[in-house]
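Take a look at the structure below.
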Amino acid sequence: MSAESTPEPGIPGKDGNSGPRHRAKGRKQKNRSPRHKALMITAWVAGGVLVLGGTGAGYVYFKLNGNIKSVDINQALGTDRPVKVDNGSENILVLGSDSRSGTNKKLGGGTDDGSARSDTAMIIHVYKGHKKASVVSIPRDTLVDRPECTDTKGVTHDAASGVMFNEAYSTGGAACTVKTVESISGLRMDHYLEVDFAGFEKLINELGGVQITTTKDIKDPQSHLNLKAGEHTLNGSQALGLVRTRHGVGDGSDLGRIQLQQAFIKALVNQVKHVGLLTSPTKLFDLANTATKAVTTDSDLGSVNSLTSFANGLKGISSANMNMVTMPVEYDPANPNRVIIEKSKAQLVWTALKNDRPIPAAATKGTATGEAKGVVTTS
(Lines give C-alpha, C1' and ligand atoms only; values in the text may rest on other atoms or scores of the structure.)
Protein backbone atom coordinates (compact mmCIF):
# COMPACT_ATOMS: atom_id res chain seq x y z
CA MET A 1 0.00 0.00 0.00
CA SER A 2 1.52 3.31 -1.01
CA ALA A 3 2.17 6.22 1.30
CA GLU A 4 -0.33 8.30 -0.66
CA SER A 5 -3.17 5.88 0.10
CA THR A 6 -2.83 5.98 3.89
CA PRO A 7 -3.12 9.61 5.07
CA GLU A 8 -2.54 10.37 8.72
CA PRO A 9 -3.05 13.36 11.01
CA GLY A 10 -0.39 16.03 10.87
CA ILE A 11 2.84 16.03 12.85
CA PRO A 12 4.12 19.05 14.81
CA GLY A 13 7.01 21.18 13.65
CA LYS A 14 10.47 19.83 12.86
CA ASP A 15 12.72 18.55 15.67
CA GLY A 16 9.74 17.84 17.88
CA ASN A 17 8.97 21.46 18.79
CA SER A 18 5.36 22.28 19.56
CA GLY A 19 3.42 23.67 16.68
CA PRO A 20 0.29 23.33 14.63
CA ARG A 21 -0.43 20.03 13.02
CA HIS A 22 -0.74 19.90 9.26
CA ARG A 23 -2.93 17.84 7.03
CA ALA A 24 -2.72 17.61 3.28
CA LYS A 25 -5.62 19.36 1.58
CA GLY A 26 -8.50 17.22 0.47
CA ARG A 27 -7.42 14.26 2.56
CA LYS A 28 -9.75 12.46 4.91
CA GLN A 29 -8.28 11.13 8.11
CA LYS A 30 -8.73 7.40 8.57
CA ASN A 31 -9.23 5.44 11.74
CA ARG A 32 -6.24 3.15 12.21
CA SER A 33 -6.15 -0.24 13.76
CA PRO A 34 -4.58 -1.17 17.08
CA ARG A 35 -0.88 -1.00 17.73
CA HIS A 36 0.54 -3.92 19.61
CA LYS A 37 3.74 -4.62 21.41
CA ALA A 38 5.12 -8.09 22.00
CA LEU A 39 8.00 -7.98 24.43
CA MET A 40 5.73 -9.75 26.90
CA ILE A 41 6.32 -12.95 24.95
CA THR A 42 9.10 -13.61 27.45
CA ALA A 43 6.51 -13.93 30.20
CA TRP A 44 4.04 -15.90 28.12
CA VAL A 45 6.39 -18.62 27.08
CA ALA A 46 8.20 -18.74 30.42
CA GLY A 47 4.79 -19.73 31.75
CA GLY A 48 4.74 -22.58 29.26
CA VAL A 49 8.15 -23.74 30.45
CA LEU A 50 6.92 -23.95 34.01
CA VAL A 51 3.86 -25.92 32.98
CA LEU A 52 5.89 -28.43 31.04
CA GLY A 53 8.59 -28.75 33.65
CA GLY A 54 6.12 -29.06 36.50
CA THR A 55 3.78 -31.67 35.04
CA GLY A 56 5.66 -33.56 32.37
CA ALA A 57 2.31 -34.10 30.65
CA GLY A 58 2.69 -34.96 26.99
CA TYR A 59 -0.76 -33.53 26.26
CA VAL A 60 0.30 -30.08 27.45
CA TYR A 61 3.36 -30.12 25.22
CA PHE A 62 1.48 -31.16 22.10
CA LYS A 63 -1.36 -28.76 22.82
CA LEU A 64 0.95 -25.76 23.10
CA ASN A 65 3.21 -26.93 20.29
CA GLY A 66 0.19 -27.19 17.98
CA ASN A 67 -0.79 -23.60 18.70
CA ILE A 68 2.40 -22.05 17.36
CA LYS A 69 2.48 -20.71 13.81
CA SER A 70 5.87 -20.25 12.13
CA VAL A 71 7.32 -18.95 8.87
CA ASP A 72 10.62 -19.98 7.27
CA ILE A 73 12.31 -16.59 6.97
CA ASN A 74 15.73 -18.07 6.25
CA GLN A 75 14.54 -20.03 3.24
CA ALA A 76 12.62 -17.08 1.81
CA LEU A 77 15.51 -14.63 2.14
CA GLY A 78 18.32 -16.97 1.14
CA THR A 79 21.94 -15.90 1.57
CA ASP A 80 21.68 -12.26 0.46
CA ARG A 81 21.56 -10.96 4.01
CA PRO A 82 23.82 -9.16 6.50
CA VAL A 83 26.38 -11.44 8.11
CA LYS A 84 25.58 -12.68 11.61
CA VAL A 85 27.86 -10.98 14.13
CA ASP A 86 29.14 -13.63 16.51
CA ASN A 87 29.55 -11.58 19.69
CA GLY A 88 26.92 -13.18 21.93
CA SER A 89 24.18 -10.67 21.10
CA GLU A 90 20.86 -11.27 19.34
CA ASN A 91 18.57 -9.10 17.21
CA ILE A 92 14.85 -9.88 17.25
CA LEU A 93 12.32 -8.17 15.01
CA VAL A 94 8.97 -7.91 16.81
CA LEU A 95 5.86 -7.00 14.84
CA GLY A 96 2.21 -6.43 15.63
CA SER A 97 -0.02 -7.23 12.66
CA ASP A 98 -3.44 -5.68 12.15
CA SER A 99 -5.52 -8.17 10.21
CA ARG A 100 -9.16 -7.06 10.26
CA SER A 101 -10.52 -10.57 9.98
CA GLY A 102 -11.97 -12.93 12.58
CA THR A 103 -11.79 -11.96 16.24
CA ASN A 104 -9.57 -9.00 15.45
CA LYS A 105 -12.35 -7.27 13.51
CA LYS A 106 -14.46 -7.08 16.68
CA LEU A 107 -11.70 -5.07 18.34
CA GLY A 108 -11.97 -2.24 15.84
CA GLY A 109 -9.63 -0.87 13.27
CA GLY A 110 -11.25 -0.61 9.86
CA THR A 111 -12.84 -2.90 7.34
CA ASP A 112 -11.92 -6.48 6.66
CA ASP A 113 -10.23 -6.18 3.28
CA GLY A 114 -8.52 -9.56 3.56
CA SER A 115 -5.14 -7.98 4.15
CA ALA A 116 -2.95 -7.10 7.10
CA ARG A 117 -0.38 -4.47 7.88
CA SER A 118 2.37 -4.20 10.45
CA ASP A 119 1.68 -1.02 12.38
CA THR A 120 4.08 -1.79 15.20
CA ALA A 121 7.69 -2.76 14.67
CA MET A 122 10.62 -3.00 17.07
CA ILE A 123 14.17 -4.24 16.82
CA ILE A 124 15.11 -5.75 20.17
CA HIS A 125 18.86 -6.04 20.61
CA VAL A 126 19.75 -8.37 23.47
CA TYR A 127 23.29 -7.73 24.64
CA LYS A 128 25.83 -10.43 25.41
CA GLY A 129 24.99 -12.00 28.76
CA HIS A 130 21.24 -11.35 28.27
CA LYS A 131 21.00 -8.87 31.14
CA LYS A 132 20.37 -5.73 29.10
CA ALA A 133 18.52 -4.82 25.92
CA SER A 134 18.01 -1.89 23.58
CA VAL A 135 14.67 -1.54 21.83
CA VAL A 136 14.45 0.52 18.64
CA SER A 137 10.90 1.35 17.49
CA ILE A 138 10.43 1.89 13.75
CA PRO A 139 7.65 4.40 12.94
CA ARG A 140 5.24 2.86 10.50
CA ASP A 141 4.93 6.24 8.71
CA THR A 142 8.62 6.20 7.74
CA LEU A 143 9.23 6.48 4.00
CA VAL A 144 11.77 3.86 2.93
CA ASP A 145 13.18 2.19 -0.14
CA ARG A 146 11.87 -1.36 0.01
CA PRO A 147 14.23 -3.87 -1.60
CA GLU A 148 13.13 -6.67 -3.90
CA CYS A 149 11.99 -9.55 -1.74
CA THR A 150 10.57 -13.04 -1.97
CA ASP A 151 7.79 -14.00 0.41
CA THR A 152 7.37 -17.37 2.10
CA LYS A 153 5.13 -18.58 -0.76
CA GLY A 154 7.96 -18.06 -3.23
CA VAL A 155 6.47 -14.96 -4.87
CA THR A 156 9.02 -12.27 -5.70
CA HIS A 157 8.01 -8.62 -5.22
CA ASP A 158 9.72 -5.78 -7.06
CA ALA A 159 11.63 -3.10 -5.18
CA ALA A 160 9.82 0.18 -4.46
CA SER A 161 11.11 3.64 -3.52
CA GLY A 162 9.59 6.12 -1.09
CA VAL A 163 6.91 3.83 0.34
CA MET A 164 5.68 3.60 3.91
CA PHE A 165 7.56 1.12 6.05
CA ASN A 166 4.45 -0.90 6.93
CA GLU A 167 3.77 -1.42 3.22
CA ALA A 168 6.48 -4.10 3.25
CA TYR A 169 4.26 -6.36 5.37
CA SER A 170 1.13 -5.86 3.28
CA THR A 171 3.20 -6.59 0.16
CA GLY A 172 5.13 -9.70 1.18
CA GLY A 173 4.42 -10.46 4.83
CA ALA A 174 7.08 -11.34 7.37
CA ALA A 175 9.85 -12.13 4.89
CA CYS A 176 9.61 -8.79 3.08
CA THR A 177 9.45 -6.92 6.38
CA VAL A 178 12.59 -8.64 7.66
CA LYS A 179 14.31 -7.94 4.33
CA THR A 180 13.38 -4.26 4.57
CA VAL A 181 14.59 -3.94 8.16
CA GLU A 182 17.88 -5.62 7.33
CA SER A 183 18.30 -3.30 4.34
CA ILE A 184 17.64 -0.22 6.48
CA SER A 185 19.85 -1.22 9.39
CA GLY A 186 22.54 -3.46 7.95
CA LEU A 187 21.82 -5.77 10.90
CA ARG A 188 20.86 -9.41 10.58
CA MET A 189 17.64 -10.31 12.36
CA ASP A 190 18.27 -13.53 14.27
CA HIS A 191 14.61 -14.06 15.07
CA TYR A 192 11.16 -12.85 14.13
CA LEU A 193 8.10 -12.63 16.40
CA GLU A 194 4.62 -11.42 15.49
CA VAL A 195 1.65 -10.97 17.81
CA ASP A 196 -2.06 -10.85 17.09
CA PHE A 197 -3.89 -8.16 19.07
CA ALA A 198 -6.86 -10.33 20.05
CA GLY A 199 -4.37 -12.49 21.93
CA PHE A 200 -2.80 -9.35 23.40
CA GLU A 201 -6.11 -8.40 25.01
CA LYS A 202 -6.66 -11.88 26.43
CA LEU A 203 -3.14 -12.04 27.79
CA ILE A 204 -3.47 -8.78 29.73
CA ASN A 205 -6.69 -10.04 31.29
CA GLU A 206 -5.06 -13.33 32.29
CA LEU A 207 -2.19 -11.43 33.88
CA GLY A 208 -4.71 -9.58 36.04
CA GLY A 209 -4.16 -6.26 34.31
CA VAL A 210 -1.22 -3.87 34.15
CA GLN A 211 -0.64 -1.06 36.61
CA ILE A 212 0.22 2.37 35.24
CA THR A 213 -0.06 6.02 36.22
CA THR A 214 -1.23 8.67 33.77
CA THR A 215 -0.11 12.26 34.32
CA LYS A 216 -2.82 13.62 32.02
CA ASP A 217 -6.35 12.65 31.03
CA ILE A 218 -6.49 10.43 27.96
CA LYS A 219 -9.74 10.35 25.99
CA ASP A 220 -9.89 8.86 22.51
CA PRO A 221 -13.22 7.60 21.11
CA GLN A 222 -11.42 5.92 18.20
CA SER A 223 -9.50 3.60 20.54
CA HIS A 224 -12.37 3.43 23.08
CA LEU A 225 -10.11 4.78 25.83
CA ASN A 226 -11.11 7.16 28.60
CA LEU A 227 -8.64 7.50 31.49
CA LYS A 228 -8.45 10.28 34.05
CA ALA A 229 -5.06 11.35 35.31
CA GLY A 230 -4.02 9.04 38.14
CA GLU A 231 -3.32 5.39 38.93
CA HIS A 232 -4.97 2.63 36.92
CA THR A 233 -4.94 -1.14 36.57
CA LEU A 234 -5.66 -1.56 32.88
CA ASN A 235 -7.65 -4.56 31.71
CA GLY A 236 -7.08 -6.04 28.27
CA SER A 237 -9.45 -3.70 26.46
CA GLN A 238 -7.99 -0.62 28.13
CA ALA A 239 -4.41 -1.74 27.47
CA LEU A 240 -5.26 -2.28 23.82
CA GLY A 241 -6.80 1.19 23.71
CA LEU A 242 -3.70 2.72 25.24
CA VAL A 243 -1.26 1.22 22.76
CA ARG A 244 -3.47 2.22 19.82
CA THR A 245 -4.27 5.80 20.82
CA ARG A 246 -2.74 8.70 19.00
CA HIS A 247 -5.54 11.26 19.17
CA GLY A 248 -6.29 11.17 22.88
CA VAL A 249 -3.10 12.79 24.14
CA GLY A 250 0.00 14.61 22.92
CA ASP A 251 0.31 15.82 19.32
CA GLY A 252 -1.68 13.11 17.58
CA SER A 253 1.38 11.71 15.81
CA ASP A 254 2.55 8.14 15.40
CA LEU A 255 5.75 9.19 17.20
CA GLY A 256 3.72 10.18 20.25
CA ARG A 257 1.93 6.85 20.20
CA ILE A 258 5.29 5.08 20.18
CA GLN A 259 6.19 6.95 23.38
CA LEU A 260 3.03 5.62 25.04
CA GLN A 261 3.76 2.11 23.81
CA GLN A 262 7.30 2.15 25.14
CA ALA A 263 6.09 3.31 28.56
CA PHE A 264 3.46 0.58 28.60
CA ILE A 265 6.04 -2.12 27.82
CA LYS A 266 8.12 -1.09 30.82
CA ALA A 267 5.05 -1.21 33.04
CA LEU A 268 4.16 -4.64 31.66
CA VAL A 269 7.64 -6.03 32.28
CA ASN A 270 7.45 -4.81 35.88
CA GLN A 271 3.99 -6.30 36.31
CA VAL A 272 5.00 -9.74 35.05
CA LYS A 273 7.64 -10.01 37.76
CA HIS A 274 4.94 -9.63 40.41
CA VAL A 275 2.40 -12.12 39.04
CA GLY A 276 2.10 -15.28 41.13
CA LEU A 277 2.51 -17.73 38.26
CA LEU A 278 4.04 -20.44 40.41
CA THR A 279 0.97 -20.68 42.63
CA SER A 280 -1.48 -21.83 39.95
CA PRO A 281 -0.80 -24.51 37.32
CA THR A 282 -4.12 -23.62 35.69
CA LYS A 283 -3.09 -20.00 35.36
CA LEU A 284 0.22 -21.07 33.90
CA PHE A 285 -1.46 -23.20 31.28
CA ASP A 286 -4.02 -20.52 30.37
CA LEU A 287 -1.24 -17.98 29.97
CA ALA A 288 0.90 -20.26 27.82
CA ASN A 289 -2.11 -21.37 25.77
CA THR A 290 -3.08 -17.78 24.97
CA ALA A 291 0.50 -16.80 24.18
CA THR A 292 1.21 -19.64 21.81
CA LYS A 293 -2.07 -19.05 19.95
CA ALA A 294 -1.26 -15.36 19.52
CA VAL A 295 2.32 -15.66 18.32
CA THR A 296 3.88 -16.31 14.93
CA THR A 297 7.61 -16.95 14.88
CA ASP A 298 10.45 -17.72 12.53
CA SER A 299 10.89 -21.45 11.99
CA ASP A 300 13.88 -21.60 14.36
CA LEU A 301 11.52 -20.68 17.22
CA GLY A 302 8.55 -22.64 15.93
CA SER A 303 8.27 -25.14 18.77
CA VAL A 304 7.56 -24.96 22.47
CA ASN A 305 11.05 -26.19 23.34
CA SER A 306 12.78 -23.61 21.15
CA LEU A 307 10.52 -20.77 22.17
CA THR A 308 10.75 -21.49 25.89
CA SER A 309 14.53 -21.80 25.73
CA PHE A 310 14.66 -18.47 23.95
CA ALA A 311 12.31 -16.85 26.48
CA ASN A 312 14.30 -18.18 29.43
CA GLY A 313 17.29 -16.33 28.04
CA LEU A 314 15.39 -13.04 28.16
CA LYS A 315 13.59 -13.16 31.48
CA GLY A 316 16.59 -11.77 33.38
CA ILE A 317 16.16 -8.39 31.63
CA SER A 318 14.33 -5.91 33.85
CA SER A 319 12.66 -2.70 32.66
CA ALA A 320 15.49 -0.72 34.28
CA ASN A 321 17.91 -2.43 31.90
CA MET A 322 15.89 -1.72 28.75
CA ASN A 323 16.91 1.32 26.73
CA MET A 324 13.99 2.26 24.50
CA VAL A 325 14.42 4.66 21.60
CA THR A 326 12.76 5.51 18.31
CA MET A 327 14.73 5.12 15.10
CA PRO A 328 16.13 8.60 14.32
CA VAL A 329 13.81 10.31 11.86
CA GLU A 330 12.97 13.78 10.61
CA TYR A 331 9.80 15.14 9.07
CA ASP A 332 9.50 14.77 5.33
CA PRO A 333 9.74 18.28 3.80
CA ALA A 334 7.40 17.20 1.00
CA ASN A 335 4.74 15.68 3.29
CA PRO A 336 4.40 16.60 6.99
CA ASN A 337 2.32 13.45 7.52
CA ARG A 338 5.40 11.29 6.92
CA VAL A 339 8.89 10.94 8.35
CA ILE A 340 12.18 9.98 6.73
CA ILE A 341 15.26 8.35 8.26
CA GLU A 342 17.89 10.71 9.63
CA LYS A 343 20.64 8.61 8.13
CA SER A 344 23.70 9.96 9.95
CA LYS A 345 22.10 9.59 13.37
CA ALA A 346 20.48 6.26 12.50
CA GLN A 347 23.89 4.95 11.54
CA LEU A 348 25.06 5.68 15.10
CA VAL A 349 22.30 3.36 16.32
CA TRP A 350 23.09 0.55 13.88
CA THR A 351 26.85 0.76 14.49
CA ALA A 352 26.35 0.59 18.26
CA LEU A 353 24.11 -2.46 18.02
CA LYS A 354 26.38 -4.20 15.54
CA ASN A 355 29.24 -3.81 18.00
CA ASP A 356 27.03 -4.78 20.97
CA ARG A 357 27.43 -1.37 22.57
CA PRO A 358 24.93 1.04 24.16
CA ILE A 359 23.18 3.46 21.81
CA PRO A 360 24.84 6.87 22.24
CA ALA A 361 22.66 9.79 23.35
CA ALA A 362 23.83 11.74 20.31
CA ALA A 363 21.96 9.31 18.06
CA THR A 364 18.54 10.60 19.09
CA LYS A 365 19.35 14.16 20.13
CA GLY A 366 17.47 16.70 18.05
CA THR A 367 15.52 14.15 16.02
CA ALA A 368 11.77 14.22 15.47
CA THR A 369 9.78 13.08 18.46
CA GLY A 370 6.21 12.98 19.70
CA GLU A 371 4.74 14.89 22.61
CA ALA A 372 3.51 12.07 24.83
CA LYS A 373 6.67 11.38 26.82
CA GLY A 374 5.94 11.11 30.55
CA VAL A 375 2.17 10.80 30.09
CA VAL A 376 2.31 7.13 31.13
CA THR A 377 4.57 5.97 33.97
CA THR A 378 4.86 2.88 36.14
CA SER A 379 2.61 2.98 39.21
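Reckoned from all heavy atoms, side chains included, excluding hydrogens, waters and symmetry mates.
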Pairs meeting criterion disulfide (SG to SG under 2.5 Å) with involvement of residues 121-198, two or more places apart
C149-C176
Are the side chain of [X] and the backbone of [Y] linked by a donor-acceptor contact shorter than 3.5 Å?
X    : Y    : answer
T351 : L348 : no
Q211 : A267 : no
E148 : A159 : no
D151 : T156 : no
E342 : P328 : no
R146 : T177 : no

Using the side-chain contact (heavy atoms from CB on, under 4.5 Å) criterion, which residues pair with T152? Sequence neighbours excluded.
V71, A76, A175
Taking atom types as modelled and ignoring hydrogens, do the side chains of E206 and T290 form a donor-acceptor contact shorter than 3.5 angstrom?
yes
Side chains of E182 and T180: any donor to acceptor distance under 3.5 Å?
no
ring-ring contact (aromatic ring centres under 6.0 Å, His included): pairs with one or both residues in residues 127-154, sequence neighbours excluded:
H125-Y127
Give the minimum heavy-atom separation between G208 and T233, together with the two atoms involved.
O-CG2, 3.8 Å
Sorted by chain and number, sequence neighbours left out, salt bridge (Lys or Arg N to Asp or Glu O under 4.0 Å) with D217 holds for none
Check K202 with D286, please: is the shortest side-chain N to carboxylate O separation under 4.0 Å?
no
Sub-4.5 Å side-chain heavy-atom contact between D190 and I92:
no
Test side-chain hydrogen bond (donor to acceptor under 3.5 Å, both in side chains) applied to D298 and N74, step by step
CA-CA 8 Å; D298 64 273; N74 290 332; 5.7 Å; no
Non-neighbouring partners of T214 that pass side-chain hydrogen bond (donor to acceptor under 3.5 Å, both in side chains), sequence neighbours left out:
H232
S306: which residues meet the side-chain hydrogen bond (donor to acceptor under 3.5 Å, both in side chains) condition with it, sequence neighbours left out?
S303
